[in-house]
Structure formats: structure tokens, C-alpha cells
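Bear in mind that the values here come from a model prediction, so they are computed numbers and not experimental data. Computed from heavy atoms alone, side chains included, the values below leave out hydrogens, waters and symmetry copies.
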Amino acid sequence: MSYKTLMVYADEGLDSDTRIALACDLAKVFEARLIGVSGSAPVPPPVGDPYLGGAMMGEALTLYRDLAEANVTRAETRFHELADGEWRGHIGFPAELMIEQSRAADLLILGRRTDRAPFYGPDPADVLMAAGRPVMVVPPAAPRTPIGWPAVIAWSDSREARRAVAAAVPMLRQTGTAHVLEICDDEDTAEARARLADVVAWLGRHGIAAEGAVRGRGEESCADAILKFADEKSAGLIVAGGYGHARLREWALGGVTRALLDHSPVCLLLSH
């Protein structure tokens, strides 16, 4: 398995430039086709504004649509300045556009959620939940790229983690050692080591050098423990299953996926 088509979301700003540059590097490594995508939805006028009635309402809607088209055009111009690839830009909600276009790609490359969502930028959680493709989230200023640096696999014995590791195999072949980390209660350590031995052996059969690591639960959260471990290993990539619990529960109570999406300083590859 390899990545034959990469899809990157483009908009305005340095974060987008960083993301596109990384996508270009990955496309060269995998000899993959690169597709740039951008969307912008017209912001609806304020509800109940007495001055936006009749013809004025029509003018306002036209203005908002023109602004959305201008956003997409600027994103297209910047993409072509930085990358040699195909372009798909449309008026509409960015997350919905990425989900729709994901049929053409093996890996989706996005940035973190910003205050531009949902009209001018996608929430990666929305894309992850519905696209059926692995998503790589690039932080604003990643200290290192995934290529050539160690990777950390945040393992839990779940469907989401298995899918994430399988989806990450092409990327893991390009990294340094893959450290498979499971955080568990002290009484589950022996079982965790047995699980990790299976994962390490499976990765080895795919040509990926891997090591297992078990950490007990402490006072810090699982997400903080993963990020600390990744920092200790100088990781360039964290691989994890996305939203093993209901997303609403993670939104209300907090959870590993949500915390990693918000705070991971290195690239994060997720699959749901």
C-alpha cells in the first residue's frame, strides 16, 4: 500500500503555506498526485436586521457570495504559487467540500480548527468523522516533519486504533522507529505488553522498525502523557484512532482525540 493521491486544504495565511509545503514534500516522497481544495461559504446576514429587507437583502447576499468567491480565488492563487497540483475550489462549507472530495484521495491534510470555521475553514473533527479517509492534521508551526523522525502510535485495543495504524503504514515506512505506546492501569500491564508485542510484530512484517512501551496511568491525562512521550522521543508524527468514544461525549467531558487535535505540536494522523 502507498499513498497515490494526497489532498490538502488551502486558504490564506502562513499556516496554510506551511501545510501546502509539507504536502508538496510528501507528494514527492510518495510520488503521489497532489490536489488542493478550498471552500468558502457566504456568511448569512444577521437575523432580524430591519435594514436587510427586500432588495437590500438580495444585495447583501450577493456581496457575501462575492466575498466567498474572492476567498477561494486567493487560495487558488496561493496554492499554484507553492505547488504543482490539481485545484478544486468551490463555494460552500469547507468541511462538507473536503468530505465530498475525499473520494479522490488516500490521505487528507488539514490544519487545526480555527475561528475561521465553519464558513472559511474546516473543522478537522467534522472531516474525520465523515470522510472515510485518514486525516493528517498539521499544527501551525510543526517543529519537524513526519519524514525521517520517530513516530508515536497511541495504541488502544480498538477498531479506530487498528484502522489508524493500517492507514499510517506508508507514512510509518518513511519515519524513524515507531514507538507503540499504551497507557493502562497497573494491573493491566502484562496484557498491554502482549498486545503491543502483536502490534510491533505486525509492523515488522510491513518493514517498519517498532518498539512497544507501556505507561501506567498517572495524574496527568492520557493526551498529556502521549504528548510528553512524543516529546521525549523527538517524534515527528503521532498516530491515533479518532473518537473511539462518541464525539458529543468528548466535547462535553473532554477526551484524547479532542485534546490531541487542539494541542499536538507535531503532525497528527487520525482515522475514525
Checking Trp155 against Val165 for the side chain to side chain contact (heavy atoms under 4.5 Å, CB included) test, could you report, in this order, the C-alpha distance in whole Å, the side-chain angles of both residues, the deciding distance, and whether it holds? CA-CA 9 Å; Trp155 181 259; Val165 175; 3.9 Å; yes

Might you work through the side chain to side chain contact (heavy atoms under 4.5 Å, CB included) test for Leu34 and Asp84, ending with a clear yes or no? CA-CA 8 Å; Leu34 181 62; Asp84 180 15; over 6 Å; no

Between [X] and [Y], which heavy-atom pair has the shortest distance, and what is it?
X: Gly111; Y: Pro124; result: O-CG, 3.6 Å
X: Gly241; Y: Leu270; result: O-CD2, 4.2 Å
X: Thr5; Y: Ala32; result: N-CB, 4.1 Å
X: Leu128; Y: Val135; result: CA-CG2, 4.0 Å
X: Arg133; Y: Ser102; result: NE-O, 3.4 Å
X: Ala235; Y: Val266; result: O-CG1, 3.4 Å

Is the shortest side-chain heavy-atom distance between [X] and [Y] below 4.5 Å?
X: Thr114; Y: Tyr120; answer: no
X: Leu26; Y: Met171; answer: yes
X: Val8; Y: Cys24; answer: no
X: Thr189; Y: Cys184; answer: yes
X: Pro139; Y: Cys267; answer: yes
X: Pro94; Y: Arg116; answer: no
X: Asp11; Y: Asn71; answer: no
X: Leu203; Y: Ile153; answer: yes

Taking [X] for its side chain and [Y] for its backbone only, find out whether a donor-acceptor pair lies under 3.5 Å.
X: His272; Y: Gly242; result: yes
X: Arg144; Y: Trp149; result: no
X: Thr18; Y: Leu14; result: yes
X: Arg112; Y: Ser264; result: yes
X: Tyr9; Y: Ala95; result: no

When you check the gap from the basic side-chain N to the acidic O, do Glu81 and Arg78 get nearer than 4.0 Å?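 Salt bridge between Glu81 and Arg78, a charged N being under 4.0 Å from a carboxylate O: yes.
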
Carboxylate-amine/guanidinium proximity below 4.0 Å for Arg113 and Asp123: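 Yes, Arg113 and Asp123 are salt-bridged.
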
Test side chain to side chain contact (heavy atoms under 4.5 Å, CB included) applied to Val214 and Asp188, step by step: CA-CA 10 Å; Val214 177; Asp188 295 329; over 6 Å; no

Where at least one partner belongs to residues 214-238, residue pairs that pass salt bridge (Lys or Arg N to Asp or Glu O under 4.0 Å), sequence neighbours excluded: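 As it turns out, the salt bridge (Lys or Arg N to Asp or Glu O under 4.0 Å) pairs with a partner in residues 214-238, which skip direct neighbours, are Asp185-Arg217.
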
If you measure from [atom1] on [X] to [atom2] on [Y], what distance do you get to the nearest 0.5 Å?
X: Arg88; Y: Leu97; atom1: CZ; atom2: CG; answer: 9.5 Å
X: Leu172; Y: Thr177; atom1: CG; atom2: OG1; answer: 11.0 Å
X: Thr145; Y: Leu22; atom1: OG1; atom2: CG; answer: 6.5 Å
X: Leu196; Y: Glu191; atom1: CG; atom2: CD; answer: 12.0 Å
X: Glu12; Y: Asp17; atom1: CD; atom2: CG; answer: 10.0 Å
X: His90; Y: Ser40; atom1: NE2; atom2: OG; answer: 13.0 Å

What residues, two or more places apart in sequence or in another chain, satisfy salt bridge (Lys or Arg N to Asp or Glu O under 4.0 Å) together with Glu182?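 Glu182 satisfies salt bridge (Lys or Arg N to Asp or Glu O under 4.0 Å) with Arg195 once adjacent residues are dropped.
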
With sequence neighbours left out, write down each residue that passes salt bridge (Lys or Arg N to Asp or Glu O under 4.0 Å) with Arg162, or none if nothing qualifies.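 Scan of Arg162 (salt bridge (Lys or Arg N to Asp or Glu O under 4.0 Å), adjacent residues dropped) gives Asp157.
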
Ile147 and Asp25: side chain to side chain contact (heavy atoms under 4.5 Å, CB included), yes or no, with the steps? CA-CA 9 Å; Ile147 304 302; Asp25 291 342; over 6 Å; no

Phe93 and Phe119 aromatic ring geometry - parallel, tilted or perpendicular at 30°/60° bounds: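 Answer is tilted, since the angle falls between 30° and 60°.
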
On the 0 to 90° scale, with breaks at 30° and 60°, tag the Phe79-Trp87 ring pair as parallel, tilted or perpendicular.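 Taking Trp87 first and then Phe79, their aromatic rings sit tilted (interplane angle of 30° to 60°).
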
